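First comes the structure, then the notes that go with it.
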2 protein chains.
Amino acid sequence: MKNKTDRLRAIKEMVIQQSIGNQDELLLLLKEKGYHLTQATLSRDLKQLKITKIPNDVGEYRYALPHSLYASGKPSETKIIGNNSLEFSGQLAVLKTRSGYAGGIAAEIDERASSAILGTIAGDDTILIIPREGFNREEITSILSDVIEKI
Amino acid sequence: MKNKTDRLRAIKEMVIQQSIGNQDELLLLLKEKGYHLTQATLSRDLKQLKITKIPNDVGEYRYALPHSLYASGKPSETKIIGNNSLEFSGQLAVLKTRSGYAGGIAAEIDERASSAILGTIAGDDTILIIPREGFNREEITSILSDVIEKI
DNA sequence: AAGAATTTAGAATATTTATTCAGATAATAT
DNA sequence: ATATTATCTGAATAAATATTCTAAATTCTT
């Protein structure tokens, strides 16, 4: 809780969770959490994290992560899990299965990964997976791998 | 070339095409194009367009559209493709078909547009289309048109 | 371990951006 | 047509943010 890495993580978290309109505001929140820094440093941190103030719909400015960074960073690789392939698009994941298997696998996921997975919708060979907020792609991938490998 | 609407369009275009580091820079470019305005107005314009300065990888700041606005710009028009209608919402597209046709068309899309389409899920007359990352709405629309017209 | 080089950060400040205030212009209603 | 209200804009200024300059702390090299 005292090094730069921790601080950056804390900043990112706060920006995602709270509604922050300027750096001084964020500075205060960080102070409450025990991070002691100046506006100059915060400005540099935000630059490094690529966080910026963006206008919202109500005519205010709010700090936010650039959209693309919410999910992961890279352009989403396809991951093979057994006979299936997993790929992400935005907040969603799609698992392609062998024909006819989607329903069964989706049921397994629903049952065994509900902490991370909000819900699934299965077609014949495709499962749409809606992750819960707060889980990143790596986590989701790992959890789904576990579930599928145990089937 | 003299009203606000035109100016906003010009600003948006410049931000997409050029590399702009601050408002004065943009102001100059606009002046060259015949738009005469002050920094105050530009600031307001940018707010309205939700354009902001975001840090790039090289340690500079560049003006950019919020990611979500790149996709199209307008609130997503419904596009008619044969007997079907296509509309976007966020990263997703929905294709409405005649009753009973969704499954068949979805299968065609899966087969013939998989480079751009991560997956589809079909009901009776509705197909949920999950595009791959990196494809914009126009590209998706065009690819889907091709596929459907060849059925 | 000592020195060189890099990273980190604060204070002060420069730069940039947003807003206030006032006046103009356009739109709507009476 | 005139009053009323809303929209738009510039000048000046306030507010917010980035950077310069300096020094301390850390990491790397030999």
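All figures in this text were calculated on a predicted structure; none of them were measured in a lab. Here is how names work: the chains are called A, B, and so on, in the same order as the sequence lines, proteins then strands, and each is numbered from 1. These numbers come from the heavy atoms of this one structure, side chains and all, not from hydrogens, waters or symmetry mates.
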Rounded to the Å, how far apart are [X] [atom1] and [N] [atom2]?
X: A:Y35; N: C:dA9; atom1: OH; atom2: P; result: 12 Å
X: B:H36; N: C:dA24; atom1: NE2; atom2: P; result: 18 Å
X: B:L37; N: D:dC8; atom1: CG; atom2: C1'; result: 12 Å
X: A:N22; N: D:dA15; atom1: CG; atom2: C1'; result: 9 Å
X: A:L27; N: D:dT17; atom1: CG; atom2: P; result: 11 Å
X: A:R62; N: D:dA16; atom1: CZ; atom2: P; result: 12 Å
X: B:L26; N: C:dT17; atom1: CG; atom2: C1'; result: 13 Å
X: A:K31; N: C:dG10; atom1: NZ; atom2: C1'; result: 12 Å

What's touching nucleotides 22-27 of chain D from the protein side, N or O pairs under 3.5 Å?
none

4.5 Å side-chain heavy-atom contact, B:L30 and B:L42: yes
Partners meeting salt bridge (charged side-chain N to carboxylate O under 4.0 Å, His left out) with B:E25 (sequence neighbours left out): none
Test salt bridge (charged side-chain N to carboxylate O under 4.0 Å, His left out) applied to A:R98 - qualifying residues, sequence neighbours left out: none
Can you name the side chain to side chain contact (heavy atoms under 4.5 Å, CB included) partners of [X], sequence neighbours left out?
X: B:Q48; answer: B:K4, B:L8
X: A:L28; answer: none
X: B:S85; answer: B:T78, B:I80, B:K96
X: A:T5; answer: A:N3, A:R9

Axis bend over the full length of the helix from C:dA1-D:dT30 to C:dT30-D:dA1, computed from five pairs that close each end, to 10 degrees: 50°
Sequence-distant partners of A:N56, side-chain hydrogen bond (donor to acceptor under 3.5 Å, both in side chains), two or more places apart: A:E60
For A:Q39, all residues meeting side-chain hydrogen bond (donor to acceptor under 3.5 Å, both in side chains), sequence neighbours excluded: A:Q23
Looking at [X], I'd like to know whether one of its side-chain N or O atoms comes within less than 4.0 Å of OP1 or OP2 on [N].
X: A:K53; N: D:dA16; result: no
X: A:Y63; N: D:dT17; result: yes
X: A:R7; N: C:dT8; result: no

Nucleotide nearest B:Q23 when distance is taken to its side chain, options C:dT16, C:dA18, C:dG10: C:dA18
Sugar-phosphate only, base, or nothing, as touched by B:L42 at under 4.0 Å among non-hydrogen atoms: nothing
Sugar-phosphate only, base, or nothing, as touched by A:L46 at under 4.0 Å among non-hydrogen atoms: nothing
Distance, nearest 0.5 Å, that separates CD1 of B:I129 from CG of B:L118: 12.0 Å
Which atoms of nucleotides 19-22 of chain C (N or O only) lie under 3.5 Å from a protein N or O atom, and what are those distances?
from, atom 1, to, atom 2, distance (Å)
C:dT19, OP2, B:K47, NZ, 3.0
C:dT20, O4, B:R44, NH1, 3.1

Pairs satisfying salt bridge (charged side-chain N to carboxylate O under 4.0 Å, His left out), at least one member in residues 37-49 of chain A, at least two apart: A:R7-A:D45
Closest-nucleotide ordering on DNA chain D, the 5'-leading residue of A:D24 and B:Q48: B:Q48
A:Y101 OH: over 12 foreign heavy atoms closer than 6.0 Å: no
